[in-house]
Amino acid sequence: MAATKLITLMKKCSTVKQAKQIHAHILINGFTFLRPLLIHRMLLWDVTNYRTMANYAYSMLHHLHIPDSFSWGCVIRFFSQKCLFTEAVSLYVQMHRTSLCPTSHAVSSALKSCARIHDMLCGMSIHGQVHVFGFNTCVYVQTALLDLYSKIGDMGTARKVFDEMANKSVVSWNSLLSGYVKAGNLDEAQYLFSEIPGKDVISWNSMISGYAKAGNVGQACTLFQRMPERNLSSWNAMIAGFIDCGSLVSAREFFDTMPRRNCVSWITMIAGYSKGGDVDSARKLFDQMDHKDLLSYNAMIACYAQNSKPKEALELFNDMLKQDIYVHPDKMTLASVISACSQLGDLEHWWWIESHMNDFGIVLDDHLATALIDLYAKCGSIDKAYELFHNLRKRDLVAYSAMIYGCGINGKASDAIKLFEQMLAECIGPNLVTYTGLLTAYNHAGLVEKGYQCFNSMKDYGLVPSIDHYGIMVDLFGRAGYLDEAYKLILNMPMQPNAGVWGALLLACRLHNNVELGEIAVQHCIKLETDTTGYCSLLSSIYATVEKWDDAKKLRKGMEGKDFTGCSWTSNFATP
DNA sequence: ATAGGGTTAG
């Protein structure tokens with residue numbers, strides 16, 4: 001077959017199977033020079049299974065006897081366009097080892113990929129190569145470089161690259177602008193915005209979301225009305241801005257009036273309802289969506305997981321896997337799903353998912369491992385949790401807090417304290433969640449004095465104890481028999497005590513048979529919660545123990561006909 | 001090459 005014929009075939013070919021046939025012909029005829037062209041053509045396809053494509057492109061590259069820089073550039077650009085950033089960077093490194101001179105496509109795509117995965121080590125080394133290979137005047141490469149620094153928030157370097165650029169495009173301006181917006185430097189952004197020659201929609205949109213994120217919705221609205229042309233993103237930026245300011249109603253108004261909507265509009269709105277705790281409205285919107293993509297499923301599943309509806313989260317996850325057009329779950333899906341399993345204490349559901357990890361094409365990363373630490377710890381497998389914790393690449397605040405809490409609920413107070421000290425040594429500042437775990441640990445170990453010291457040390461880190469922290473302290477004092485201290489703590493709380501706090505006191509009164517405080521506590525509990533049978537039964541058993549039969553009788557009469565055996569409150573505080 | 005969307009701990 002002639003080379004020209006093969007080139008025509010290449011232009012028509014649209015499946016991997018056809019490409020393989022053409023490739024075979026190329027090999028038979030010895031037209032190796034046609035391989036880069038085939039790769040190039042294939043990568044222009046609009047296909048859904050990028051990973052298969054990417055793997056194939058990669059293997060083609062390695063079948064070339066001497067891969068040329070053009071082919072490398074094509075494949076690297078393809079990977080970065082399809083969001084396979086880690087793969088793109090590793091390809092660039094491989095190419096660099098062959099001592100080929102990269103194309104501008106290769107360099108700019110590699111820089112973009114570094115920016116997305118925050119691989120600054122690689123990014124900066126490519127920065128060095130930019131000078132070596134003489135891309136000082138290439139707008140694409142320089143803009144990608146500027147964008148890299150802009151994205152990680154190093155505005156000084158970003159500005160330096162920008163100032164030294166011989167040619168700037170509107171993209172370069174926008175890149176710098178979005179960096180200032182993200183850094184919250186609105187003054188600089190505003191000044192830059194006024195200087196941009198030939199602003200486009202993206203410049204306007206960046207400025208709008210800058211004002212909206214800073215809480216200045218009024219100014220965002222003004223710009224929105226003044227801008228010469230609006231696109232979908234302009235509307236979406238306004239919706240996101242309203243949601244950031246908590247005005248869900250205005251967000252919904254914009255959502256309803258916009259001329260067209262895309263997935264981003266829907267997801268922004270769903271996430272907004274989720275943050276506001278309005279799960280029903282979120283689900284209603286979700287059901288109205290025509291084409292649900294991965295991100296819309298993720299938003300809805302996360303909505304359930306974050307609003308204490310783990311069963312619904314898992315149900316939706318199962319629905320997602322059963323769709324006609326298969327939606328491939330990703331790491332973010334699993335993070336929410338693991339959180340749901342953890343809330344249910346359902347380790348077996350996770351094991352089922354784990355057995356499908358390869359099918360999903362998901363590799364465990366630190367983020368998922370942290371979610372798993374919480375799951376395993378909650379299910380009592382503290383050793384497995386420790387194993388995951390030790391295998392983390394980097395232990396951050398969330399990982400430490402999850403592990404400390406895990407130790408706390410598993411009665412390993414000394415481990416929790418050790419972890420806390422280790423965390424401080426690594427200069428990671430604790431937050432309220434860390435202290436919840438730590439206080440839980442002291443509570444389970446019954447270490448009253450140390451626990452109280454710990455509670456008082458919160459202010460050293462600028463932390464104000466929440467109602468839950470007070471609840472744990474009341475429980476700790478109360479169980480140890482320091483009922484007066486527990487009561488004093490409640491009276492001195494800076495906020496209104498809730499049923500949980502009074503309930504902890506009531507339980508302590510039951511343990512130590514204190515009628516006076518028990519009556520006070522139960523009165524507050526009844527005032528604060530509708531389902532009060534559990535509280536009453538606790539009080540009644542106090543009466544019974546101290547042989548106040550009349551009071552016990554009276555109380556039981558009041559509860560007649562009510563079933564309090566399955567009361568969730570009593571099981572929450574059940575003694576070990 | 002730039003804007004607008006979904007992840008983990010109580």
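Atoms considered below: every heavy atom in the structure, side chains included; atoms not considered: hydrogens, waters and symmetry mates. A, B, ... follow the sequence lines: proteins, then strands. Residue 1 opens every chain.
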Of the nucleotides [options], which one has an atom closest to the side chain of [X]?
X	options	answer
C263(A)	dG10(B), dG5(B), dT8(B)	dG5(B)
A402(A)	dG5(B), dA9(B), dG6(B)	dA9(B)
A302(A)	dA9(B), dG6(B), dG5(B)	dG6(B)
N236(A)	dA9(B), dT7(B), dG4(B)	dG4(B)

Euclidean distance, atom [atom1] of residue [X] to atom [atom2] of [N] [Å, nearest integer]:
X	N	atom1	atom2	value
L176(A)	dA3(B)	CG	C1'	14 Å
I409(A)	dA9(B)	CD1	P	13 Å
L392(A)	dA9(B)	CG	C1'	12 Å
R116(A)	dA3(B)	CZ	C1'	11 Å
M207(A)	dA3(B)	CE	C1'	13 Å
Y273(A)	dG5(B)	OH	C1'	16 Å
N298(A)	dG5(B)	CG	C1'	10 Å
F286(A)	dG6(B)	CZ	P	15 Å

Just call it for [X]: base, sugar-phosphate, or nothing, with non-hydrogen atoms closer than 4.0 Å on any strand.
X	result
Q343(A)	nothing
S206(A)	sugar-phosphate
S169(A)	base

Practice prompt. State which residues pass salt bridge (charged side-chain N to carboxylate O under 4.0 Å, His left out) with K160(A); sequence neighbours excluded, sorted by chain then number.
Written response: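 So K160(A) forms a salt bridge (charged side-chain N to carboxylate O under 4.0 Å, His left out) with E164(A).
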
Worksheet entry | Contacts of type salt bridge (charged side-chain N to carboxylate O under 4.0 Å, His left out), residue K182(A), not counting sequence neighbours |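 Expected list: none.
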
Practice prompt. Give the intermediate values and the outcome of side chain to side chain contact (heavy atoms under 4.5 Å, CB included) for residues T434(A) and I428(A).
Written response: CA-CA 11 Å; T434(A) 323; I428(A) 301 172; over 6 Å; no

With side chains defined as the heavy atoms from C-beta onward, is the minimum distance between [X] and [Y] less than 4.5 Å?
X	Y	value
S109(A)	Y92(A)	no
E426(A)	Y400(A)	yes
I270(A)	M289(A)	yes

Does [X] get its side chain close enough to the base of [N], under 3.5 Å, for a donor-acceptor pair?
X	N	answer
D293(A)	dG5(B)	yes
N174(A)	dA1(B)	no
S233(A)	dG4(B)	yes
N262(A)	dG5(B)	no

Worksheet item: Hey, is the side chain of S336(A) poking within less than 4.0 Å of OP1 or OP2 on dG6(B), counting only N and O atoms?
Response: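 Answer no for this pair, as no side-chain N or O of S336(A) is under 4.0 Å from OP1 or OP2.
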
Worksheet item: Is the phosphate of dG6(B), meaning OP1 or OP2, less than 4.0 Å from a side-chain N or O of Q306(A)?
Response: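 No, outside the criterion.
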
Nucleic acid contacts - [range] versus DNA chain B, non-hydrogen atoms under 4.0 Å:
range	result
residues 196-205 of chain A	I202(A), N205(A)
residues 365-380 of chain A	H367(A), T370(A), D374(A), K378(A)
residues 133-152 of chain A	Y140(A), T143(A), D147(A), K151(A)

Fill in: side-chain contact (heavy atoms from CB on, under 4.5 Å) against Y140(A), all qualifying residues, sequence neighbours excluded
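Result, side-chain contact (heavy atoms from CB on, under 4.5 Å) vs Y140(A): C138(A).
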
Discussion item. If the threshold is 4.0 Å, N to carboxylate O, is there a salt bridge linking D256(A) and R252(A)?
Written reply: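 Yes, this pair counts.
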
Worksheet item: Can you check ring-ring contact (aromatic ring centres under 6.0 Å, His included) on F224(A) and W235(A), steps first, answer last?
Response: CA-CA 8 Å; F224(A) 183 77; W235(A) 289 86; 5.1 Å; yes

Worksheet item: Considering residues, nucleotides and ligands other than Y452(A), do more than 12 of their heavy atoms fall under 6.0 Å from its OH?
Response: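 At most 12 heavy atoms, drawn from other residues, nucleotides or ligands, come within 6.0 Å of this atom.
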
Worksheet item: Taking it one step at a time, do H356(A) and I362(A) satisfy side chain to side chain contact (heavy atoms under 4.5 Å, CB included)?
Response: CA-CA 9 Å; H356(A) 287 81; I362(A) 297 172; over 6 Å; no

Item to complete: Kindly indicate, with the supporting measurements, whether the criterion side chain to side chain contact (heavy atoms under 4.5 Å, CB included) is fulfilled by H367(A) and I338(A).
Response: CA-CA 11 Å; H367(A) 207 125; I338(A) 294 171; over 6 Å; no

Fill in: Distance-only donor-acceptor check, side chains N231(A) and S234(A), under 3.5 Å
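Per modelled atom types, N231(A) and S234(A) side chains form a pair under 3.5 Å.
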
